[in-house]
Amino acid sequence: MKKVRVRFAPSPTGPLHIGGVRTALFNYLFAKKHKGDFLLRIEDTDQTRYVEGAEDYVMKSLEWIGIKVDEGIKEGGNFGPYKQSERREIYKEHIKILLNNGSAYYAFDTPEELDEMRKRLEEAGSSVRHYNAFTGKDMKNAFTMSEKEVESWINSGKPYVIRFKMPEKEELVVKDIIRGEVKVNTSQLDDKVLFKSDGLPTYHMANIVDDHLMQISHVIRGEEWLPSLPLHVLLYKSFGWENEMPLFAHLPLLLKPSGKGKLSKRDGDQLGFPVFPLEWKDPKTGDISAGYREDGYLPEAFINMIALLGWNPGEDREIYNLEELVKKFDLTKVQKGGARFSPEKAKWFNQQYIKKTSAEDLTDIVVPLIKERGIDIDSLYIEKVTGFVKERMVLITDFWNQAAFFFETPTEYNQKIVKKRWKEDTPEVLIQVYDILESIRDDKFTTEHTEDAIKEYIDKRELNFGNVLNPLRLVLTGTGGGPHLFDIISAIGKEETLKRIMNGVSKIRK
RNA sequence: GGUCCGUUCGUCUAGAGGCUAGGACGCCGGGUUUUCAUCCCGGUAACAGGGGUUCAAUUCCCCUACGGACUGCCA
């Protein structure tokens with residue numbers, strides 16, 4: 001087998017959404033599995049749709065999820081340039097080949113005339129509504145005009161396009177790694193535009209030329225490209241490259257979590273979950289779309305979740321890091337049907353990853369969240385707190401909610417908990433607890449000592465654990481849940497603990 | 001309208017002629033815990049429908065239904 005080389009070739013028309021990220025990921029996994037190269041090519045042949053910052057966004061996204069690009073606009077390589085707008089001359093050279101061997105021809109119809117043609121065909125009830133050898137007979141092109149007319153039109157500088165000459169009535173069998181053989185008759189296909197009037201190629205043209213020149217071995221892309229696969233195969237043949245044609249794999253689409261249709265950029269805001277890896281600010285409108293990173297997802301969890309959408313290694317395991325994904329990846333095990341994206345499962349993955357990340361590593365991630373609030377505390381303390389709360393975090397952004405009371409004295413108390421836990425004799429009990437804790441020497445104010453002391457008190461007075469510990473938790477944290485109570489006590493320290501007890505006793509009224 | 005692709009619990013999926021159709025998320029119940037979370041145990045729930053082929057179909061073939069993509073001088 002020849003060297004595996006794959007490419008991810010996004011169009012910089014906006015932020016990459018999770019479908020695009022998955023395509024990139026599958027390409028990467030496949031490349032690395034086979035010790036091959038992963039290239040990033042920017043397909044910016046449509047200048048009207050170019051969006052500022054989109055290119056950079058793609059690279060930042062790949063970087064965040066841990067995908068390393070082997071060749072690309074930033075990394076360089078022997079097959080550049082890796083940006084299609086910088087390859088104009090290459091395409092111009094190549095279109096000549098097709099023009100010369102009769103695989104392509106000039107056409108001079110205006111957009112308006114094309115619209116009219118489609119409307120006419122639709123009204124006539126024709127099942128064919130596109131440009132082909134038959135419908136083209138009523139249009140302006142190299143077949144309906146004389147050689148002289150064509151020549152003078154081009155020489156006059158008037159706009160024209162170049163179309164592919166689709167063979168008439170040819171049975172074609174194209175192969176896809178995931179779907180097997182797909183049969184089509186070329187009579188159903190149209191004479192696609194290969195070169196636009198702005199002098200740039202369309203996707204089809206640029207794609208084939210670049211994939212060939214860049215020695216791409218496998219084309220792994222979204223299912224939306226399956227209908228144009230026959231055209232692409234024909235293009236390879238027309239160039240005389242069929243022996244070096246890459247293998248194709250079309251990935252199933254990602255569907256909306258509920259309802260119909262494929263996942264779109266708008267779904268996120270409507271359904272309350274991100275569809276983008278990173279937060280994106282629209283340069284024109286200033287609108288901000290949520291990103292997984294900013295919402296508190298770990299990149300490892302994110303790719304794990306994405307990888308298992310439409311692919312499965314076939315074992316009862318779900319947690320895989322990048323390296324393991326590479327090892328297990330198999331294109332032939334990719335699902336054929338579309339996969340519905342599940343925000344719930346995404347959260348579960350994140351929770352799993354937070355749980356297995358060490359408190360030390362998590363601290364580095366969490367420190368900025370604390371600094372953001374103007375709190376400057378020793379990171380050893382933060383690490384301790386992180387250890388206490390990480391089991392109850394689903395997203396990184398949950399940290400503050402779970403741990404605020406480790407950093408700030410509670411100013412209000414959860415009324416529901418007050419109602420449930422605050423009893424008639426609670427103030428009295430808490431004052432006794434206060435006295436006990438106060439009598440413990442500073443250097444003995446540990447989880448163990450404080451716990452022993454309070455439990456001893458409860459036993460001696462024959463009190464109920466819950467009736468003492470729950471209100472104590474309430475005055476210390478302001479709420480009803482959280483880590484082990486005595487871990488909290490030892491963490492915030494004697495002075496703060498005592499202060500909070502007095503605060504609570506004086507402030508809480510049922 | 002046409003072409004193509006698809007269809008296993010609500011969701012992600014395992015399965016590749018013979019299984020009590022397995023796992024995970026979610027949901028429900030129970031246990032552990034001073035609380036919440038974690039954790040553990042249990043439960044819920046699926047082969048879209050109809051024809052074939054076969055001793056035997058979730059698995060192979062056909063049809064229907066449904067879903068999706070494409071049908072642009074966008075990718």
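Proteins get letters first, then strands, A, B, ... in listed order; numbering begins at 1 in each.
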Practice prompt. Describe the nucleic acid contact of A:N185 in one word from base, sugar-phosphate, nothing, applying a heavy-atom distance below 4.0 Å.
Written response: nothing
Discussion item. Give me the distance, rounded to whole Å, that separates B:A46 from B:C41 when you measure between the C1' atoms they each carry.
Written reply: 24 Å
Practice prompt. Kindly assign one of parallel, tilted or perpendicular to the pair A:H212 and A:Y236, based on the angle between their ring planes and the thresholds 30° and 60°.
Written response: perpendicular
Discussion item. For a quick check of understanding: with a heavy-atom distance under 4.0 Å over all strands, which category does A:T45 fall into, base, sugar-phosphate or nothing?
Written reply: sugar-phosphate
Discussion item. Within the 3.5 Å criterion, strictly below it, is a donor on A:Y203 or A:E43 matched to an acceptor on the partner's side chain?
Written reply: no
Worksheet item: For atom P, what is the distance between B:U13 and B:A48, given to the nearest Å?
Response: 15 Å
Discussion item. Please classify the nucleic acid contact of A:S11 as base, sugar-phosphate, or nothing, using heavy-atom distances under 4.0 Å.
Written reply: sugar-phosphate
Worksheet entry | Whole-Å P distance, B:A14 and B:A75 | 34 Å
Practice prompt. Check every nucleotide of RNA chain B for an atom under 4.0 Å from a heavy-atom of chain A, then give the first and the last such nucleotide from 5' to 3'.
Written response: B:G1 to B:A75
Practice prompt. Check every strand shown and say whether A:G482 touches a base, only sugar-phosphate, or nothing at a heavy-atom separation below 4.0 Å.
Written response: base
Worksheet item: Reckon A:P230 touches a base, only the sugar-phosphate, or nothing at all at heavy-atom distances under 4.0 Å?
Response: nothing
Worksheet item: Partner of B:G29 by Watson-Crick or G-U wobble geometry, both contacts under 3.5 Å, or none?
Response: B:C41
Practice prompt. Write down the distance separating the C1' atoms in B:U34 and B:C27, rounded off to the nearest Å.
Written response: 28 Å
Discussion item. Do A:N304 and A:Y353 pair up side chain to side chain, a donor and an acceptor below 3.5 Å, judged on atom types alone?
Written reply: yes
Discussion item. For A:N185 and A:E171, which I'm curious about, is there any donor-acceptor pair between the side chains at under 3.5 Å?
Written reply: yes
Fill in: For B:A24, the Watson-Crick or wobble counterpart (both distances under 3.5 Å)
B:U11
Tabulate below the donor-acceptor pairs under 3.5 Å that side-chain atoms of residues 476-492 of chain A make, not counting sequence neighbours, or state none.
| residue | atom | partner | partner atom | Å |
| --- | --- | --- | --- | --- |
| A:T477 | OG1 | A:R473 | O | 2.8 |
| A:T477 | OG1 | A:T479 | N | 3.1 |
| A:T477 | OG1 | A:T479 | O | 3.2 |
| A:H484 | NE2 | A:E451 | OE1 | 3.1 |
| A:D487 | OD1 | A:T447 | OG1 | 3.1 |
| A:S490 | OG | A:T447 | OG1 | 2.9 |
| A:S490 | OG | A:F486 | O | 3.3 |
| A:S490 | OG | A:D487 | O | 3.3 |

Discussion item. Among A:V21, A:I42, A:L39, A:L16, which residue satisfies the side-chain contact (heavy atoms from CB on, under 4.5 Å) criterion with A:F8?
Written reply: A:L16
Practice prompt. Check the pair A:Y91, A:F195 against ring pair (Phe, Tyr, Trp, His ring centres under 6.0 Å), reporting the backbone distance first and the verdict last.
Written response: CA-CA 9 Å; A:Y91 307 125; A:F195 237 84; 7.3 Å; no
Worksheet item: Which is true for A:R118 with a 4.0 Å heavy-atom rule: it touches a base, it touches only sugar-phosphate, or it touches nothing?
Response: sugar-phosphate
Worksheet item: NA contact type, A:K183, heavy-atom cut-off 4.0 Å: base, sugar-phosphate, or nothing?
Response: sugar-phosphate
Discussion item. For A:S126 and A:N312, find the nucleotide of RNA chain B closest to each by heavy atoms; which residue's nucleotide sits nearer the 5' end?
Written reply: A:S126
Worksheet item: Taking atom C1' in both B:C19 and B:G68, what distance in whole Å separates the two?
Response: 32 Å
Worksheet item: Which part of the nucleic acid, if any, lies within contact of A:G480, taking any heavy atom under 4.0 Å across all strands shown: a base, the sugar-phosphate backbone alone, or nothing?
Response: base
Worksheet item: Considering only the C1' atoms, how many Å lie between B:G72 and B:C47, rounded to the nearest integer?
Response: 40 Å
Worksheet item: Reckon A:G125 touches a base, only the sugar-phosphate, or nothing at all at heavy-atom distances under 4.0 Å?
Response: nothing
Practice prompt. Using both distances under 3.5 Å as the test, list the Watson-Crick or G-U wobble partner of B:C4, or none.
Written response: B:G68
Worksheet item: Relative to the 5' end of RNA chain B, which residue comes earlier, A:T110 or A:E223, by the nucleotide with the nearest heavy atom?
Response: A:E223
Response to the item:
Under a 3.5 Å limit on both distances, the Watson-Crick or wobble mate of B:G17 is none
Worksheet item: With a non-hydrogen cut-off below 4.0 angstrom, is A:L253 in contact with a base, only sugar-phosphate, or nothing?
Response: sugar-phosphate
Practice prompt. Answer yes if the side chains of A:R179 and A:H250 hold a donor-acceptor pair under 3.5 Å, and no otherwise.
Written response: no
Worksheet item: What nucleic acid atoms does A:H484 come within less than 4.0 Å of, heavy atoms only: base, sugar-phosphate, or nothing?
Response: base
Discussion item. Consider side-chain contact (heavy atoms from CB on, under 4.5 Å). Of A:M205, A:H94, A:R41, which one does A:D210 pass it with?
Written reply: A:R41
Worksheet item: Given that both distances must come in under 3.5 Å, which nucleotide forms a Watson-Crick or G-U wobble pair with B:A57?
Response: none
Worksheet entry | Separation between the C1' atoms of B:U8 and B:A45, rounded to whole Å | 12 Å
Worksheet item: Using a cut-off of 4.0 Å on non-hydrogen atoms, how would the nucleic acid contact of A:Q351 be classed: base, sugar-phosphate, or nothing?
Response: sugar-phosphate
Fill in: Gap in Å between the two C1' atoms, one belonging to B:C25 and one to B:C5, rounded
27 Å
Worksheet item: What is the nucleic acid contact for A:V161, judged by heavy atoms within less than 4.0 Å: base, sugar-phosphate only, or nothing?
Response: base
Practice prompt. Looking at every strand, decide which applies to A:R473 at a 4.0 Å heavy-atom threshold: base, sugar-phosphate, or nothing.
Written response: base
